[in-house]
Amino acid sequence: MTTRTMGEPIPRREDPRLVAGDGRYLDDLGRGALAAAFVRSPHAAARVVDVDVSRALEVDGLVAIYTYEDLEGPMAEPLPLLIPHPRLHAGRTAYPLANGVVRHVGEPVAMVVARDRYLAEDACERIAVAYEPLAPVVGLDAAVAAERAVHDDVPDNVAAHMVQEHGDARAAVAAAPHRLELDLSIERSASMPLEGRGVYARWDAADRSLRVYSSTQTSTSVRFALAVKLGVPVDRVEVVAPDVGGGFGVKIVHPWPEEVLVPWAAIRLGREVKWAEDRREHFVASAHERGQRHHVSVGFDDDGRLLGLDVEFLHDNGAYTPYGIIVPIITATQLLGPYKPGAYRAEFRSLYTNTVIVTPYRGAGRPQAAFAMERTMDAIAAYLHRDRAEVRSANFIQPSEMPYDHHLTFQDGRPLVYDSGDYPATLDKIKKLVGWDEFEAFREEARAAGRRVGIGLACYVEGTGVGPYEGAHVRVETNGTVVVATGLTTQGQGHETAFAQVAAEALGVPVERVTVVTGDTRRFKYAVGTFASRAAVMSGNAVALAAGKVRAKALRIAAEALETDPDDLEVADGMVRVKGAPEREIALETVAVLANPLRYAFDEQTKLATQFVVGRGAEDPPVAEDDEPGLEATDWYSPVRSTFANGMHAVVVETDPETAEVRILRYCVVHDCGRLINPRIVEGQIHGGVAQGVGGALYERMVYDENGQLLNASFMDFLMPYASEVPKVETDHLETPSPLNPLGIKGAGEAGTIPGAAVLAAAISDAEGFFIDTMPISPSELWALREKEDG
Amino acid sequence: MKVTVTVNGQERSAEVEPRLLLVHLLREKLRLTGTHVGCDTTSCGACTVLLDGTPVKSCTMFAVQAEGREVTTVEGLAAAGTLHPIQEGFKEEHGLQCGFCTPGMLLASKALLEENPDPTEEEIRWALSGNLCRCTGYQNIVNAVQWTARKLQSDSAATGAS
């Protein structure tokens with residue numbers, strides 16, 4: 001009998017504590033800690049002339065006020081540029097506290113520490129900062145015009161300029177029988193996890209060690225960054241990601257100004273210090289994404305087959321570039337989706353503006369890419385009067401052409417080579433699921449009833465599971481429990497459950513016996529983080545490999561005990577058994593005891609392992625030279641390159657002829673993320689992704705005025721969809737295993753979000769009879785477009 | 001000033017500043033950290049608690065306004081270590097991912113089911129339209145409320161029959 005847990009929709013083990021209110025999110029920790037609050041710039045661009053703290057000193061409960069002048073050594077240097085890239089020729093990062101200049105509203109100027117947050121904010125209010133306002137650069141037009149510069153030493157505002165090309169795209173477009181030019185834009189949005197950022201730091205003066213809790217997507221890297229910034233030896237720093245209330249990309253950025261300042265103050269003061277971000281701070285001082293403008297030139301044949309594709313786009317990276325140019329690189333490379341582009345050229349400029357920084361948000365450049373590519377497909381179909389699905393189909397990479405090399409370089413610096421995928425089969429499934437071929441009948445029926453409906457289709461391919469690596473440690477305890485640790489973090493993806501399933505299956509134990517720890521550097525020190533739909537691929541495989549090593553060791557030890565050959569043994573339900581003779585068996589916990597020869601006994605189990613009970617030959621050391629005590633192992637998974645998931649969305653919308661309100665009648669998803677660990681978790685990821693895709697298409701946008709003020713920096717004004725707006729999602733799966741990793745997994749975290757803007761723009765265009773080139777779209781914008789169309 | 005509130009059936013008193021928000025009374029003074037703060041503007045509902053049985057957003061209410069009243073938080077849902085059916089429902093139907101919005105969702109759902117034991121999907125979606133979730137896309141939250149409605153009905157049928 002084998003223990004099957006992979007692929008089972010088992011309930012999540014995280015849930016009992018979370019539904020009971022026993023979660024431990026950042027702000028639930030550190031009772032009694034001092035509270036930090038920040039004085040932030042009200043100007044988008046200004047010189048800081050003076051900071052007068054005198055009135056704040058009267059606040060009862062005030063502990064400290066810090067400005068840039070208080071920072072020394074590495075703390076007085078700009079924050080790290082996390083992902084340098086040769087094409088990022090003018091990368092710039094912020095100081096932890098403004099060093100004479102502020103470049104966006106919300107940039108921290110002073111930090112206050114007080115007995116509680118109310119008092120800290122009282123003190124913040126009383127700090128008088130004298131600014132000399134400068135004219136800000138807001139929006140891509142102003143950035144390109146470069147009449148003013150965000151950074152004095154970058155006069156053209158261009159942080160990065162990059163071209164990738166395979167073939168001569170411009171010549172191919174020029175020579176093609178048909179050509180189209182399109183301008184396609186997506187506005188700014190943001191991850192908006194319900195829990196903001198947060199940091200809580202404890203300095204142990206006796207131990208000279210620092211423990212930091214951070215609501216982060218990468219505790220291991222925060223640890224290394226803090227050691228550098230604070231000058232504390234790295235082995236004296238531990239970083240723990242507690243329960244994290246959502247991330248969606250924004251929490252991969254690190255170290256944030258607040259993330260270095262809070263522990264720095266804790267060390268200086270010898271007191272515990274905590275900061276939990278409030279919502280307004282999250283809007284103006286964390287990160288945004290999505291804002292891009294694309295110009296597409298495409299040449300194609302009579303069947304709509306691409307001959308040349310030339311895409312130029314502008315990326316608004318905000319005031320600084322701590323996360324490099326990952327987002328536009330992803331757009332440039334993932335734009336191709338499931339298609340063969342003929343010759344392809346992508347060129348982008350990444351530009352500074354006096355706005356919040358731009359870093360990956362779920363989808364990370366792919367929603368823009370899918371919007372550009374899929375709108376182009378729709379435009380080609382309209383031009384040729386062909387079916388939109390047919391035109392897409394004519395351009396698909398075929399399963400027989402896998403692995404498919406695009407001859408471009410992906411975000412991880414590795415060749416863009418798709419590993420597997422069956423795009424024609426995915427298209428068949430989505431057409432069936434949504435009823436593509438029957439839609440015209442429905443349209444006629446609706447039209448007869450005075451209703452306006454439309455259908456849209458959008459495809460994507462997503463590079464998931466980027467390296468460099470993840471690792472895992474698996475140990476069988478002498479009570480039979482299995483403890484798994486991986487350094488990668490969790491923000492609600494159910495890793496405690498999914499990784500337990502992987503370990504249980506690889507080891508042959510009931511899943512209930514497995515516990516999983518993530519994101520705690522005390523338990524696992526080397527990791528990269530949770531982003532880029534990589535957790536299941538990377539840590540999932542690392543857990544499987546480590547558990548496999550443990551299993552092999554268990555078989556070896558059990559074989560000695562049972563006086564048989566390891567090849568004759570199997571592990572099931574936590575027992576190591578002789579195949580075909582199940583009465584000859586030994587429990588894994590006993591194997592764990594045997595694996596660890598002891599001098600001391602402290603319970604009945606350990607009595608079984610002391611030196612007078614077990615032992616090798618008198619001339620052999622108790623632990624063989626090439627062996628280690630304990631039934632445990634660490635292993636690593638490091639892929640040659642990303643594995644490429646794919647999917648297609650189709651939606652049916654109805655637009656109100658009077659109010660231009662858009663109602664989603666059906667939202668269908670077909671998704672292929674290789675082998676599934678837990679279908680219920682994957683399904684949940686898709687639902688949540690779709691909700692963010694719908695939000696990005698119909699509601700969410702950051703509205704900056706010409707002064708660089710974010711006008712809708714609250715949940716009252718930045719609209720996110722509630723249960724009343726998000727449609728029911730109908731899903732179907734394909735499972736094309738990845739040949740690149742042992743479990744055959746591809747990532748699933750971001751997929752649901754990627755084609756949202758593309759598919760809704762297509763459906764609304766189809767309902768209205770005119771082409772939509774900018775998303776998101778509100779009812780009033782749709783109404784204005786109707787007016788324009790009607791002349 | 002002193003405020004006395006019955007929280008999860010227990011009378012609790014605390015010395016508070018008049019400006020202290022109810023959510024901070026619960027979280028900071030009474031150590032009930034299951035109630036979360038997501039937005040400060042009464043929009044997200046993460047801080048939803050029941051005040052005399054009615055859902056309110058505890059980030060937009062002063063602690064002193066709760067004087068003499070009854071507050072139920074997520075910690076008060078389970079009885080003697082047994083999860084409330086609405087908690088079971090969210091667990092059974094994968095109605096949560098990061099769990100940050102969940103306490104508010106649970107209380108808003110509980111209030112709905114007390115008023116309307118057999119809500120339609122539409123009614124559930126409207127009843128929860130003061131609570132944001134950024135993870136689940138709501139579908140499994142709706143399923144969780146439906147699961148709970150069925151469970152409560154079959155439980156009460158069983159009680160009625162015995």
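Hydrogens, waters and symmetry mates play no part in the numbers below; they use all other heavy atoms, side chains included. Chain naming here is simple, since letters A, B, ... match the order of the sequence lines and numbering starts at 1 in each.
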> Once you round to the nearest 0.5 Å, how far does CG of A:Leu194 lie from CG of B:Leu132?
Replying inline: 6.0 Å
> What residue pairs, at least two apart or across chains, pass salt bridge (charged side-chain N to carboxylate O under 4.0 Å, His left out) with a residue in residues 82-99 of chain B?
Replying inline: none
>> Nearest 0.5 angstrom please: A:Asp22 CG to B:Thr33 OG1, how far?
In response: 8.0 Å
>> Is A:Arg680 close to chain B through its backbone or its side chain, or both, or neither, when contacts mean heavy atoms under 4.5 Å?
In response: both
>> Can you tell me which portion of A:Asp27 sits under 4.5 Å from chain B's heavy atoms? Options are side chain, backbone, both or neither.
In response: both
>> Does any backbone or side-chain atom of A:Ser191 lie under 4.5 Å from a heavy atom of chain B? Answer side chain, backbone, both or neither.
In response: backbone
>> Please determine whether side-chain contact (heavy atoms from CB on, under 4.5 Å) holds for the pair B:Val37 and A:Glu195, giving the CA-CA distance in whole Å, both sets of side-chain angles, and the decisive distance to 0.1 Å.
In response: CA-CA 8 Å; B:Val37 181; A:Glu195 181 201 33; over 6 Å; no
>> Quick check for you: among A:Ala723, A:Gly688, A:Gly21, A:Gly684, which has the greatest number of heavy-atom pairs under 4.5 Å with chain B?
In response: A:Ala723
>> Heavy-atom pairs under 4.5 Å with chain A: which of B:Thr35, B:Ile86, B:Leu20 has the most?
In response: B:Leu20
> Relative to chain B, which segment of A:Val690 carries a heavy atom at a distance below 4.5 Å: side chain, backbone, both, or neither?
Replying inline: neither
>> Looking at every non-hydrogen atom in both residues, tell me the closest pair between A:Ser724 and B:Ser129 and how far apart they are.
In response: OG-CB, 3.4 Å
>> Is A:Tyr25 in contact with chain B via its backbone, its side chain, both, or neither, using a 4.5 Å heavy-atom distance?
In response: side chain
> Considering all heavy atoms of both residues, which atom of A:Phe715 and which atom of B:Cys44 are nearest to each other, and what is their separation?
Replying inline: CD2-CB, 3.8 Å
> When heavy-atom pairs shorter than 4.5 Å are enumerated against chain B, which of A:Glu14, A:Arg31, A:Met716, A:Lys728 gives the highest number?
Replying inline: A:Arg31
>> Quick check on the structure: residues of residues 275-284 of chain A within a heavy-atom distance below 4.5 Å of chain B, by number.
In response: A:Asp278, A:Arg279
> Quick one: what part of A:Pro9 sits under 4.5 Å from any heavy atom of chain B, side chain, backbone, both or neither?
Replying inline: neither
> Side chain, backbone, both or neither: which part of A:Val694 has a heavy atom under 4.5 Å from chain B?
Replying inline: neither
>> So, using salt bridge (Lys or Arg N to Asp or Glu O under 4.0 Å) as the criterion, who are the partners of A:Arg17 when residues are at least two apart?
In response: A:Asp243, A:Glu496
>> Once ring pair (Phe, Tyr, Trp, His ring centres under 6.0 Å) is applied, do any residues pair with A:His288, and if so which ones, sequence neighbours excluded?
In response: none
> Top residue by heavy-atom pair count (under 4.5 Å) with chain A, among B:Gly130, B:Cys133, B:Ala78?
Replying inline: B:Gly130
> Hey, is A:Glu700 close enough to B:Arg134 for a salt bridge, meaning N to O under 4.0 Å?
Replying inline: yes
> If you look at every heavy atom in B:Val74 and A:Val19, which pair is closest and at what distance?
Replying inline: CG2-O, 3.4 Å
>> Quick check on the interface: out of B:Arg31, B:His36, B:Met105, B:Glu121, who has the most heavy-atom pairs with chain A under 4.5 Å?
In response: B:Arg31
> In terms of heavy-atom pairs under 4.5 Å, which option from B:Leu32, B:Asn140, B:Thr41 contacts chain A the most?
Replying inline: B:Thr41
> Quick one: CD on B:Gln97 to CD on A:Gln685, what's the gap to the nearest 0.5 Å?
Replying inline: 5.0 Å
> For the atom pair OH (A:Tyr722) and CZ (B:Arg125), what is the distance rounded to the nearest 0.5 Å?
Replying inline: 15.0 Å
> Do you see a donor-acceptor pair shorter than 3.5 Å between the side chains of B:Tyr138 and A:His687?
Replying inline: no
> Out of A:Pro727, A:Gly23, A:Pro721, which one racks up the most heavy-atom pairs below 4.5 Å with chain B?
Replying inline: A:Pro721
> At what distance, to the nearest 0.5 angstrom, does OH of A:Tyr667 lie from CD of B:Gln139?
Replying inline: 12.5 Å
> Hey, mind stepping through A:Asp122 and B:Arg19 against salt bridge (Lys or Arg N to Asp or Glu O under 4.0 Å) and telling me if it holds?
Replying inline: CA-CA 12 Å; A:Asp122 286 347; B:Arg19 64 174 175 172; 2.7 Å; yes
> Out of curiosity, A:Met720 CE to B:Ser43 OG, how far, rounded to the nearest 0.5 Å?
Replying inline: 8.5 Å
>> Is A:Gln491 in contact with chain B via its backbone, its side chain, both, or neither, using a 4.5 Å heavy-atom distance?
In response: backbone
> With respect to chain B, which residue among A:Gly247, A:Gly245, A:Pro193 yields the maximal number of heavy-atom pairs within a distance under 4.5 Å?
Replying inline: A:Gly245
> Heavy-atom distance under 4.5 Å to chain B: side chain of A:Glu725, backbone, both or neither?
Replying inline: neither
